[in-house]
Amino acid sequence: MQVQSELMSLPQTLGEMFTRARPDYERAVRGIRWGEVPVYVLGSAGTLPAGLVAGYAVEGLLGYPVVVREVSSFLSYALGTVRSGSLVVAISSGTSAEPDVLEVVEAVQAARKLGAQVLAVTYESSPLCRAADRLFALPDVAGAPATGLAEACLEHAAVAYLTLIAARLFKRPNASLDRLEKDWRELPRHLDWIVSQLPAAVRSFAAELRSSRRIYFAGGGLYHPAALRAANLAPREDCVLGIDLAGLRSDRALTSDAAVVFLSGSRGRMRKEAADLATALKARGTACVAVTDSNDHDLIRAARLALLLPDLAELPGSILALAVGGWVAREMVQHPRTTRAARRSASVSSEQQAH
């Protein structure tokens, strides 16, 4: 119930973000001089998946090359390539002087000294807001900064929406952008449906995974950041890992007591790779389950179990996948799984006590 309550106000928040807040967002985007490449995207370890969303979206919708870096890596390796006029998109959901937030502020200040423009994706109460040139504000959820899974979904939605607005303002009108924006407007309604209709299905899905020794959340393209962020919502000691499809293909630790949760969609560019990989892993005895839409037929056939979502374009579809994938990960936290090793240990302990 905790995760469901986190998500409950998110559809309304996103709906207002896509409508009433749009003029403010357009002003922020227009206030930046676009065209100086590459675009730099930086964030803390927690917000780096949202940075990857921004990277995929900017390259895909605007055609600009992007450098995505965790903040310490940006300071050590990328800062020296920043030039006057470079655009730096800094992402932070922190609202106080936490070490992660202060490190992002330090990087932003260093970039501005070199003449870079900084567009911050953060809350108005964040120290990062005061250090940046322009603000793309994260809205509060139910009157307060978002937490947990809602925070993750909001960050991914914000950077994706930023890029969509930029594409609308600076690219020629075209049918693909029209279709994407139509799907984008449907996102709050579909999230509301997920929150109200899928709790029992998510619990069953999580229960299917609890006996696995290691669990991978895997995705390609825009579903890769969703997989990373979903895995981050589960405890590290549970051996829950986020990974892209190439890393999953080369991982030798995949055995019959591991499970893979594929986050995908029928309109994702790497849907065929996901389905082919699931088919190959299934033949090796690895349990494969899927969070995707009903038109992703090949992946559904390869999966032991599939949790079906509405069919949306890859950008909004990956946010739906994050919402459900993260919910599954959190369900595994709230109801810790009993691994085969733990069951064997408990059995040995019981026998020793009996003797």
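Note that the numbering runs from 1 along the sequence shown for the chain.
For the pair Arg33 (side chain) and Arg30 (backbone), a donor-acceptor distance under 3.5 Å is absent. Remark: the backbone N or O of Trp193 is paired with a side-chain donor or acceptor of Ser196 at under 3.5 angstrom. Formation of a donor-acceptor pair under 3.5 Å by the Tyr64 side chain with backbone atoms of Glu36 is not found in this model. Without hydrogens or angle criteria, Tyr223 side chain to Thr292 main chain gives no donor-acceptor distance under 3.5 Å. For Ser212 (side chain) and Ala258 (main-chain N/O), no donor-acceptor pair under 3.5 Å exists by modelled atom type. Judged purely by atom type and a 3.5 angstrom limit, Glu314 has no side-chain atom pairing as donor or acceptor with the backbone of Gly221. Although no hydrogens or angles enter the test, the distance criterion places no donor-acceptor pair under 3.5 Å between the side chain of Glu124 and the main chain of Ala137. Side-chain N or O atoms of Thr279 include none that pairs as donor or acceptor with a backbone N or O of Ala302 at under 3.5 Å. In this structure a side-chain-to-backbone donor-acceptor pair under 3.5 Å is missing from Arg271 to Ser264. A donor-acceptor pair is defined here as one N or O able to donate and one able to accept, closer than 3.5 Å; such a pair exists between the side chain of Tyr123 and the backbone of Ala146.
To the nearest 0.5 Å, atoms CD (Glu151) and NE2 (His156) are separated by 10.0 Å. The CG atom of Leu254 sits 7.5 Å away from the CD1 atom of Ile243 when rounded to the nearest 0.5 Å. With values rounded to the nearest 0.5 angstrom, Leu198 atom CG is found 6.5 Å from Trp327 atom CH2. Rounding to the nearest 0.5 Å gives a distance of 8.0 Å between CG of Asn174 and CZ of Arg179. In this structure, the separation between CZ on Arg267 and CG on Leu180 is 9.0 Å, given to the nearest 0.5 Å. Annotation: the span from Ser84 atom OG to Gln117 atom CD amounts to 8.5 Å, rounded to 0.5 Å.
Val159 and Val88 are assigned to two separate hydrophobic clusters, defined by single-linkage of ILVMFWY side chains at heavy-atom distances under 4.5 Å. In the hydrophobic cluster analysis, where Ile, Leu, Val, Met, Phe, Trp and Tyr join through side-chain heavy atoms closer than 4.5 angstrom, Val37 is grouped apart from Phe74. When the side chains of ILVMFWY residues are joined at heavy-atom separations under 4.5 Å, either directly or via intervening members, Leu62 and Val67 end up in two distinct hydrophobic clusters. Cluster membership for Val53 and Leu177, using ILVMFWY side-chain heavy atoms within less than 4.5 angstrom, is shared. Connection of Leu315 to Leu320 is established within a shared hydrophobic cluster, with ILVMFWY side chains joined at heavy-atom distances below 4.5 Å, either directly or through further cluster members.
Side-chain atoms of Glu103 and Ser72, non-hydrogen and from C-beta on, do get closer than 4.5 Å to each other. Side-chain atoms of Leu149 and Leu10, non-hydrogen and from C-beta on, never get closer than 4.5 Å to each other. Looking at heavy atoms from C-beta onward, Thr47 lies in side-chain contact with Ser93 at the 4.5 angstrom threshold. The shortest side-chain heavy-atom distance between Leu7 and Leu191 does not fall under the 4.5 Å cut-off. When side chains are defined from C-beta on, Pro38 does not count as touching Val66, because their heavy atoms never get closer than 4.5 Å. Side-chain contact between Arg330 and Gln2 is present, with at least one heavy-atom pair separated by less than 4.5 Å. Looking at Val58 and Val89, their side chains never come closer than 4.5 Å, going by heavy atoms from C-beta outward. Annotation: side chain of Phe262 is in contact with side chain of Leu281 (closest heavy-atom distance under 4.5 Å).
Using cut-offs of 30° and 60° on the angle between ring planes, the pair Phe170 and Trp34 is tilted. Ring geometry for Trp184 versus Tyr161: interplanar angle under 30°, hence parallel rather than tilted (30 to 60°).
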Does the pair Glu273 and Leu277 meet the rule for a side chain to side chain contact (heavy atoms under 4.5 Å, CB included), with working shown?
CA-CA 6 Å; Glu273 288 85 343; Leu277 185 52; over 6 Å; no
Using the rule given for side chain to side chain contact (heavy atoms under 4.5 Å, CB included), can you reason through Phe205 versus Val291, listing the C-alpha separation, both sets of side-chain angles and the distance that settles it, and then say yes or no?
CA-CA 10 Å; Phe205 205 81; Val291 176; 4.0 Å; yes
Criterion side chain to side chain contact (heavy atoms under 4.5 Å, CB included) on Val240 and Phe217, from CA distance to verdict
CA-CA 8 Å; Val240 180; Phe217 283 78; 3.5 Å; yes
Run the side chain to side chain contact (heavy atoms under 4.5 Å, CB included) check on Tyr216 and Arg214 step by step: do they pass?
CA-CA 7 Å; Tyr216 296 81; Arg214 178 172 293 192; 3.2 Å; yes
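Taking all atoms of both residues into account, the shortest heavy-atom contact from Ala230 to Gly326 is CB-N, 3.6 Å. When every heavy atom of Pro127 is checked against every heavy atom of Val101, the shortest pair comes out as CD-CG1, 3.9 Å. When all heavy atoms of Ala116 and Asp133 are compared, the pair lying nearest together is O-OD2, 3.8 Å. Across Ala28 and Leu135, no two heavy atoms sit closer than the pair CB-O, 3.3 Å. Residue Pro139 comes nearest to Thr13 through the heavy atom pair CG-CG2, 3.6 Å, listed as atom of the first residue, atom of the second, then distance. Taking every heavy atom of both residues into account, Glu331 and Val202 meet most closely at CG-CG1, 3.8 Å.
Here salt bridge (Lys or Arg N to Asp or Glu O under 4.0 Å) pairs that include residues 300-309, with residues two or more places apart or in two chains, are Glu208-Arg304, Asp298-Arg301.
Environment of CD in Gln12: sparse, with no more than 12 heavy atoms of neighbouring residues, nucleotides or ligands closer than 6.0 Å.
Summarising the hydrophobic clusters (Ile, Leu, Val, Met, Phe, Trp, Tyr; side-chain heavy atoms under 4.5 Å, direct or chained), the residues clustered with Leu308 are Ile300.
Under 3.5 Å, the side chains of Tyr56 and Thr163 contain no donor-acceptor pair of N or O atoms.
Between Arg22 and Glu181 a salt bridge is recorded (basic side-chain N to carboxylate O distance below 4.0 Å). Using a cutoff of 4.0 Å between basic side-chain nitrogens and carboxylate oxygens, Arg249 and Asp244 are not scored as salt-bridged.
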